[in-house]
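Notes to accompany the following structure.
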Amino acid sequence: MKKIKLLLFALMAFQFMSAQVEEGEVMISLGVGISPSFYSGSGYESSLPPLELTGEYLLNEKIGLGAFVGYASAEYRQSGFGFDYNYTLGGVLGNYHFVNKDNLDVYVGAKLGYVSISSNSVGSAGAFASSAEASGLLYGGQLGGRYWFSEKLGVNIEVGYGVALLKAGLTLKL
């Protein structure tokens, strides 16, 4: 009986060990930011936590190229007056996968894109009600990892600069 249990365990482990990323695969990740990049400090509250959707195509087992889009919103309030902010971003990314074995994929990468920010005043502004928009170049980097639960589904965590300083989510291999 002990040998049968050991054999079953070995077969199950082998099934999960083949989850590494390979040339030609596409990975889609949806992450939620835990620490926003664009706003922080006293008076700021997140209306909607930072969200980011990324797609990555593996050129080989080490190099991946892709794109990202993200969104975040925040409120700033002080003595009955404040602002609502909306951040929309998108661009391209590249990752170098330096650990790619078994169920673990660890990578470092860079992002280059565009960010658009809009704000509206709220509260007791009276005659001072205003809105503003700005946009510009977005650049950032990330150190991330994926742990694959199965051949197609894994969890993802990243630290870096982009939509959030810390982001966690799910990844699906297509």
Look at the side-chain heavy atoms of Ile, Leu, Val, Met, Phe, Trp and Tyr, link any pair under 4.5 Å apart, and say whether Tyr161 and Val115 land in one connected group.
yes
List the atom of Leu93, the atom of Ala67, and the distance in Å for their closest heavy-atom pair.
CD2-O, 3.9 Å
Checking Asn120 now: which residues fulfil side chain to side chain donor-acceptor pair (under 3.5 Å) with it, not counting sequence neighbours?
none
Give, for atom NE2 of His97 and atom CD of Glu22, the distance between the pair rounded to the nearest 0.5 Å.
12.5 Å
State, with a plain yes or no, whether a side-chain heavy atom of Leu51 is found less than 4.5 Å away from one of Leu53.
no
Measuring only between side-chain heavy atoms, which start at C-beta, is Asn100 closer than 4.5 Å to Tyr107?
no
Spacing of Ser116 atom OG and Tyr71 atom OH [to the nearest 0.5 Å]:
10.5 Å
What one should report as the nearest heavy-atom pair of Ala72 and Pro50 is CB-CA, 3.8 Å
If you define the side chain from C-beta out and look only at heavy atoms, does anything of Asn156 sit under 4.5 Å from Leu170?
no
If you take all heavy atoms of Gly64 and Glu56, which pair is closest and at what distance?
CA-OE2, 3.3 Å
Parallel under 30°, tilted from 30 to 60°, perpendicular over 60°: which one fits the rings of Tyr85 and Tyr87?
parallel
How far apart are the closest heavy atoms of Phe68 and Glu52, and which atoms are they?
CD1-OE2, 3.5 Å
Within a strict 4.5 Å, meaning less than it, do heavy atoms of the Tyr57 and Leu65 side chains meet?
no
Taking the side chain as everything from C-beta on, heavy atoms only, tell me whether Ile157 gets closer than 4.5 Å to Tyr147.
no
Please check if Val32 and Leu48 belong to a single hydrophobic cluster, counting links between Ile, Leu, Val, Met, Phe, Trp and Tyr side chain heavy atoms closer than 4.5 Å.
yes
Over all atoms of both residues, closest heavy-atom pair of Asn60 and Ile63:
OD1-N, 2.8 Å
Glu23 side chain near Leu58 side chain, heavy-atom distance below 4.5 Å:
no
With a 4.5 Å cut-off on side-chain heavy atoms, are Ser130 and Phe83 touching?
yes
Are Lys173 and Arg146 close enough that some pair of their side-chain heavy atoms sits under 4.5 Å apart?
no
Table please: side-chain donor-acceptor pairs of residues 134-145 below 3.5 Å, with sequence neighbours left out.
| from | atom 1 | to | atom 2 | distance (Å) |
| --- | --- | --- | --- | --- |
| Ser135 | OG | Tyr114 | OH | 2.9 |
| Gln142 | NE2 | Asn95 | OD1 | 2.8 |

Count I, L, V, M, F, W, Y as connected when their side-chain heavy atoms are under 4.5 Å apart, and connections chain through other members. Are Val106 and Tyr96 then in the same cluster?
yes
Closest non-hydrogen contact found for Gly55 with Ile28 is CA-CD1, 3.9 Å
Same cluster (ILVMFWY, side-chain, under 4.5 Å), Val108 and Leu104
yes
